[in-house]
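Order of the sequence lines sets the chain letters (A, B, ...), proteins ahead of strands, with each chain counted from 1. The basis for the numbers below is simple: all heavy atoms, side chains too, and nothing from hydrogens, waters or symmetry mates.
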Amino acid sequence: MIDVRSITKHYGEKKAVNNLSFRINEGEIVGLLGLNGAGKSTILKTLGTLLQASEGEAWIAGFSVREQADEVRKHIGYLPDTPPLYDEMSIRTYLEFVAKLKGVPRSSVKKHVEEALDQTNLMAVQHMKLAELSHGFRQRTNIAQALVHRPKVLIFDEPINGLDPVQIVEMRDLILSLKERHTVILSSHILSEITRTCDRILVIDQGTLVAEGTEEQLRGKVQDEFDVRLELTHEPPLLLSSLQNMNGIKDVIRINSTTLSLLCREELRPEIARVVYESGAGLLTLQRKEAELETLFLKLVRGENDRL
Amino acid sequence: MNKILILMRRELQSYFTTWLGYIVMAAALLLNGLLFNAFALGDAPKYSSDVLRDFFFFTSGIGMVSAMLLAMRLIAEEKQNKSLVLLFTAPISERQIVWGKFLAAFLMFFLLNILSLYLPALIFVEGKVSLGHIFAGYLGVTLLGAAVLAISLYASALAPTQLLAGVGAAAMTVVMLLLWLLSARSDAPFKDILAYVSIHNERFRPFTMGIIHTRDVIYYLSLTGFFVECAVRATEQRRARG
């Protein structure tokens, strides 16, 4: 559905996007993850026909973003980071205007608008003026304008920016519900959010694609050490040295008198359980602790493997 | 054409929902009434045709200012509110965007002129003027207004804010107005060129006297078309820049 091939975008001397390629299949929700200024918005603006790439080409629904921009515009719904709203209009009249602008036949406008209102839970406030809406409702209206013409592809630039925790949960559910009918590409710099909504993550740093995959795949790429937490009934005298001498265990740290933290280079939990059993200690907990998502993110974008 | 009408309708509605339309019209009609009473009618006896001529002269000035106020927001406001992205990601061309906005402002300006019709109608109470003179005068005011609307729309397409668009529109219009002064102090061929390009003096006066020259109509239509297309070009460049 989206095919990006070797896109580069220059701003003067600076390369905001550098030789970037990726594909997104129909029905996928894919997240662009990167720090502020990584080039996410530039990529989305290029796909949204707001910017022209300096080099390379992108296709959406089979149409060239460069050569067939008007055809592409019929098939995309673009959600900018600042909602493009006309404050003097009501939600309903605004959506009717957008639907007509995006080519929805006059006879279908009402149906399209009511569907968008329903999808975004705006039906109850449809007659309110946009100027009177809270940030959360404005963002919902922003989504409604993006999907009112039932586009194949939705492009969301930082959709959860500025939302409170309740609104974030609602937005997450809304984005997930869009998967049935749309292909979605969204950007965020919040890893925890992107992992909850997206099937696949593209990690962008300084305009280049540094990693791609599901959350598990990304973890596998960067996580060469992990922490195993061991809770015992008591600690026999020789257990600590036995664990320290095991191949694959880098370090053993005592958390308290009955809890140890083992820094492992590979999966050793069965062997650790056997050593504990042979030492005569009772095993209460043997748990692999996952690294914090943010730490993984930093490793992905900065290659800071030594920080874990 | 359909997209132009969709955009035009929204712009027209916004003039009334934001009160800008009401305020500009109320102020213009008030000033028109005052100037009509104080100067066009005046204290001394006058021929009805002279009253009408003076009315159209004053109305042209108020019309130019009204046109600037109506058009300076058209694109600059969208840039300020960041709503231009909605138009730029929709299947609508820059030409459709600009012409849709221009037509909305033009209709507002036209409505403003219609509402001022009661003033020349008052002349009928104690005088006699030809309907042709009234038609010619209003045609002139409308054509002049359309040209200033187009200039202001171009300024709006260039400027990042409404205020700067207003300043730009005023500057361009004043320069176009004062070209006749420059023409008076220039030698041929510049004298003729500057007089030809000047937006008001020689071009507008015949309309106030009830005379319609085809060359003047063509001039105003050309000027309007030229500046609207300049606005189209500026919007295309803006869209290409992102």
Fill in: When B/S14, B/A90, B/S93 are compared by non-hydrogen pairs under 4.5 Å with chain A, the top option
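Top count of heavy-atom pairs under 4.5 Å with chain A: B/A90.
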Worksheet item: When only pairs under 4.5 Å are counted, which of B/N81, B/T89, B/T17 shares the most heavy-atom pairs with chain A?
Response: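 Answer, by heavy-atom pair count under 4.5 Å with chain A: B/T89.
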So with a 6.0 Å cut-off around [atom1] of [X], is the heavy-atom count from everything else above 12?
X	atom1	value
A/K129	NZ	no
A/F137	CZ	no
B/Y118	OH	yes
A/E57	CD	yes
A/F63	CZ	yes

Discussion item. So for A/V98, is it side chain, backbone, both, or neither that comes closer than 4.5 Å to the heavy atoms of chain B?
Written reply: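 For A/V98, side-chain heavy atoms alone lie under 4.5 Å from chain B.
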Worksheet item: Non-hydrogen atoms of chain B under 4.5 Å away: do they reach the side chain of A/E71, the backbone, both or neither?
Response: neither
Worksheet item: Of all heavy-atom pairs between B/R10 and A/E88, which one has the smallest distance, and what is that distance?
Response: NH1-OE2, 3.0 Å
Fill in: Nearest heavy-atom neighbours spanning B/P91 and A/K102
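B/P91 and A/K102 have their closest heavy atoms at CD-CA, 3.9 Å.
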Worksheet item: What are the residues of residues 89-97 of chain A, in order of number, with any heavy atom under 4.5 angstrom from a heavy atom of chain B?
Response: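 Checking residues 89-97 of chain A against chain B gives A/M89, A/Y94, A/F97.
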Worksheet item: Does A/R73 reach the main-chain N or O of B/F88 with its side chain, forming a donor-acceptor pair under 3.5 Å?
Response: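 Yes: the side chain of A/R73 pairs with the backbone of B/F88.
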So, taking the atom named [atom1] in [X] and the one named [atom2] in [Y], what distance separates them when rounded to the nearest 0.5 Å?
X	Y	atom1	atom2	value
B/S83	A/D87	OG	CG	9.0 Å
B/L86	A/Y78	CG	OH	12.0 Å
A/L101	B/L87	CG	CG	6.0 Å
A/Y86	B/Q13	OH	CD	12.5 Å
A/L50	B/R239	CG	CZ	8.0 Å

Cut-off 3.5 Å, no hydrogens considered: what does the side-chain donor-acceptor table look like for residues 60-72 of chain B, sequence neighbours left out?
from, atom 1, to, atom 2, distance (Å)
B/S60, OG, B/F57, O, 2.5
B/S60, OG, B/H200, NE2, 3.0
B/S66, OG, B/I62, O, 2.8

Fill in: Interface moiety of B/E77 toward chain A, non-hydrogen atoms closer than 4.5 Å
neither
